[in-house]
Amino acid sequence: MAGGELEPVIGLEIHVQLRTATKMFCGCALGFGEPPNTRTCPVCLGLPGALPVANAEAIHYGLMIGMALDSELAPVSTFHRKNYFYPDLPKGYQISQFDLPLCSGGKLGEVNIHRVHLEEDAAKLNHAGASGRIEGADSSIVDFNRGGTPLAEIVTEPELRSAEQVGEWLRLLRTTLRTLGVSDVNMEEGSLRCDANISLRPVGTDQLGTKTELKNMNSFRFIERGIRAEVERQRAIIEAGEAVTQETLHFDPKSESITSLRSKEEAHDYRYFPEPDLPPVVITEEMLARAAAALPELPAAREQRYVETLSLSPESARLFAWRAELADYFDAVCAADPSLDSQVAANWVTELQGRLGDEEAEASKVTAISLAQLAAMVVASEINQGGAKQVLDELVAAGGDPAGIVAAQGLEAVGGADELAPIVAAALEANPELSERLRGGDMKPIGVIVGEVMKQTRGRADGKEVTAIVREQLELG
Ligand code: ADP
Ligand code: MG
Ligand code: ZN
């Protein structure tokens with residue numbers, strides 16, 4: 001099937017650990033970092049005769065998520081058993097939802113949501129290996145603390161089209177969940193985990209191609225790289241006239257390699273059946289009212305507020321609103337200096353974020369107050385853009401006080417006709433030929449003269465001001 005242009009089709013399944021006080025179906029406190037197997041009970045260990053009880057707080061969080069994603073909330077929702085064997089699953093089944101999930105449909109940003117359901121997390125296997133903690137054995141050990149942690153699984157429609165779009169949309173989702181306060185949404189620690197389903201199809205068709213599933217990627221960067229690698233792998237297969245095999249894959253970010261975990265032939269038949277020990281969840285008006293009352297300002301509203309009340313550009317408004325921490329940092333910069341223009345503050349926050357990569361602005365050495373001071377110094381022409389960027393580099397590297405860095409490094413702006421006129425005059429005098437050409441109306445060499453002045457001022461002059469003075473001295477009007 002060589003020829004026509006191919007487009008990626010991506011659908012996501014996201015597991016979110018909910019930040020409830022206790023586990024999904026028992027009274028054990030959630031365990032993070034405690035000694036192994038200290039947060040367990042007969043229910044989450046799957047001992048015979050133990051009875052689960054659904055966690056009301058998890059259902060409440062599920063409803064909040066559904067409302068934030070504009071989902072349809074089921075009046076009655078049920079739990080099912082999803083049967084499979086694995087050492088991290090003591091009961092031999094996971095309690096999940098099947099045909100009556102808590103939330104159906106919905107939309108976040110430009111992406112439609114298929115469903116959101118509640119389930120319990122598996123325990124954690126630690127593969128100790130030959131040098132592991134169990135003597136004499138090439139071993140794995142299981143920690144049941146995580147087993148039974150409440151999860152919300154969010155499933156999107158297959159509507160995403162690129163790795164970049166996935167990364168951007170996941171940031172919006174993460175910010176939404178974080179703002180709701182329902183999860184720690186920490187990808188490294190596994191409280192937000194994403195599987196990406198990927199297929200290709202000829203542009204202009206709407207039939208779906210055979211998909212593969214990239215499992216459990218634990219950072220935005222790995223997800224984007226994994227998807228890019230898988231799209232290229234499938235493209236090569238299809239362009240060679242062969243067919244993609246439906247399988248579950250693992251992306252190794254270190255080697256950039258993709259390996260198969262299991263193929264369709266080995267796919268599970270989970271034999272879902274209704275959980276006999278749990279009654280259906282009936283959603284009351286009271287539960288809906290409580291969830292609605294708990295909703296904070298969501299990213300879409302924040303984005304709109306930034307545009308309407310702060311007059312931020314749509315790009316800045318979206319950049320911040322989709323990243324709650326960055327937005328909070330931006331708010332702090334504005335609060336540090338209320339006289340600062342919001343868009344100017346936004347531009348400096350964006351400039352800072354560009355230098356930080358994945359690091360969060362608020363966790364960097366650059367305090368909101370120092371960034372506000374830096375921005376104000378530029379507005380007041382105390383330093384020029386180039387100087388300010390040097391100061392910012394210094395702040396990123398070592399923190400400190402912008403005015404102090406300017407003084408210590410001699411970065412004060414050289415400005416005003418008094419200071420610049422003699423330097424411009426000297427530059428013109430040193431380049432008589434260029435000056436003649438300029439006088440004759442050939443403006444090409446003006447950059448050389450401005451460059452000369454910038455050199456003399458060690459880059460501390462304002463280019464536009466220098467250009468104006470050059471024109472004035474040559475009487476070019
Ligand atoms: P499965 O039963 O294999 O889990 P689902 O139909 O439940 O598959 O879909 C799981 C996820 O995969 C959803 O996010 C969905 O949008 C996505 N998906 C389904 N089919 C495709 C496809 N052909 N290409 C890309 N994504 C897909
Ligand atoms: Mg799946
Ligand atoms: Zn328990």
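Position 1 is the first residue of the sequence; numbering continues from there. Both counts, for ligands and for their atoms, begin at 1 and track the order of listing.
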If you measure from each non-hydrogen atom of Thr210 to ligand 1, which part falls under 4.0 Å: side chain, backbone, both or neither?
neither
Metal-centred angle, the Zn ion (ligand 3) as apex - SG of Cys26, SG of Cys28, 10° resolution:
110°
Judging by distance only, is a nitrogen or oxygen of Gly209 under 3.5 angstrom from one on ligand 1?
yes
Side chain or backbone, does Asn197 bring an N or O within less than 3.5 Å of an N or O on ligand 1?
yes
Compute the shortest N/O to N/O distance between Leu208 and ligand 1 and return yes if it is under 3.5 Å, no if not.
no
Ligand 1 atoms nearer than 4.0 angstrom to some heavy atom of Val155 are 13 (C), 14 (O)
Using a strict threshold of under 4.0 Å (side-chain N to carboxylate O), is an ion pair present between Asp393 and Arg355?
yes
Who's closest to atom 14 (O) of ligand 1 heavy-atom-wise, of Thr156, Val244, Thr248?
Thr156
If the plane angle is over 60° it's perpendicular, under 30° parallel, otherwise tilted; pick one for Phe25 and Phe79.
perpendicular
Looking only at side-chain N and O atoms, does Ser255 offer a donor or acceptor that is under 3.5 Å from a partner on Asp252?
yes
Using heavy atoms and a 4.0 Å limit, tell me yes or no: is Glu13 in contact with ligand 1?
yes
Quick check: does any side chain N or O of Asn186 sit under 3.5 Å from a backbone N or O of Ser191, one acting as donor and the other as acceptor?
no
Under 4.0 Å from one or more heavy atoms of Glu157, ligand 1 contributes atoms 16 (O)
Looking at Glu213, Lys215, Arg262, Arg233, which one forms a side chain to side chain contact (heavy atoms under 4.5 Å, CB included) with Leu249?
Arg233
How about His117 and Glu119: does a side-chain donor come under 3.5 Å of a side-chain acceptor?
yes
Mode of Glu213 contact toward ligand 1 - side chain, backbone, both, neither (heavy atoms, under 4.0 Å):
neither
Leu12: numbered ligand 1 atoms lying under 4.0 Å from its heavy atoms:
14 (O)
Consider every N or O of Gln246 and every N or O of ligand 1, then say whether any pair is closer than 3.5 Å.
no
Side chains of Gln390 and Glu394: do they bring a donor and an acceptor to under 3.5 Å?
no
Does this structure show an ion pair linking Arg323 with Glu168, if we count only N-O contacts that are shorter than 4.0 Å?
yes
Cys44 atom SG and Cys41 atom SG as seen from the Zn ion (ligand 3), angle to 10 degrees:
110°
A student checking ligand 1 against Gly11 at a 4.0 Å heavy-atom cut-off should list atoms 14 (O), 16 (O), 17 (C), 26 (N)
Any donor-acceptor N or O pair under 3.5 Å, side chains Glu297, Thr179:
no
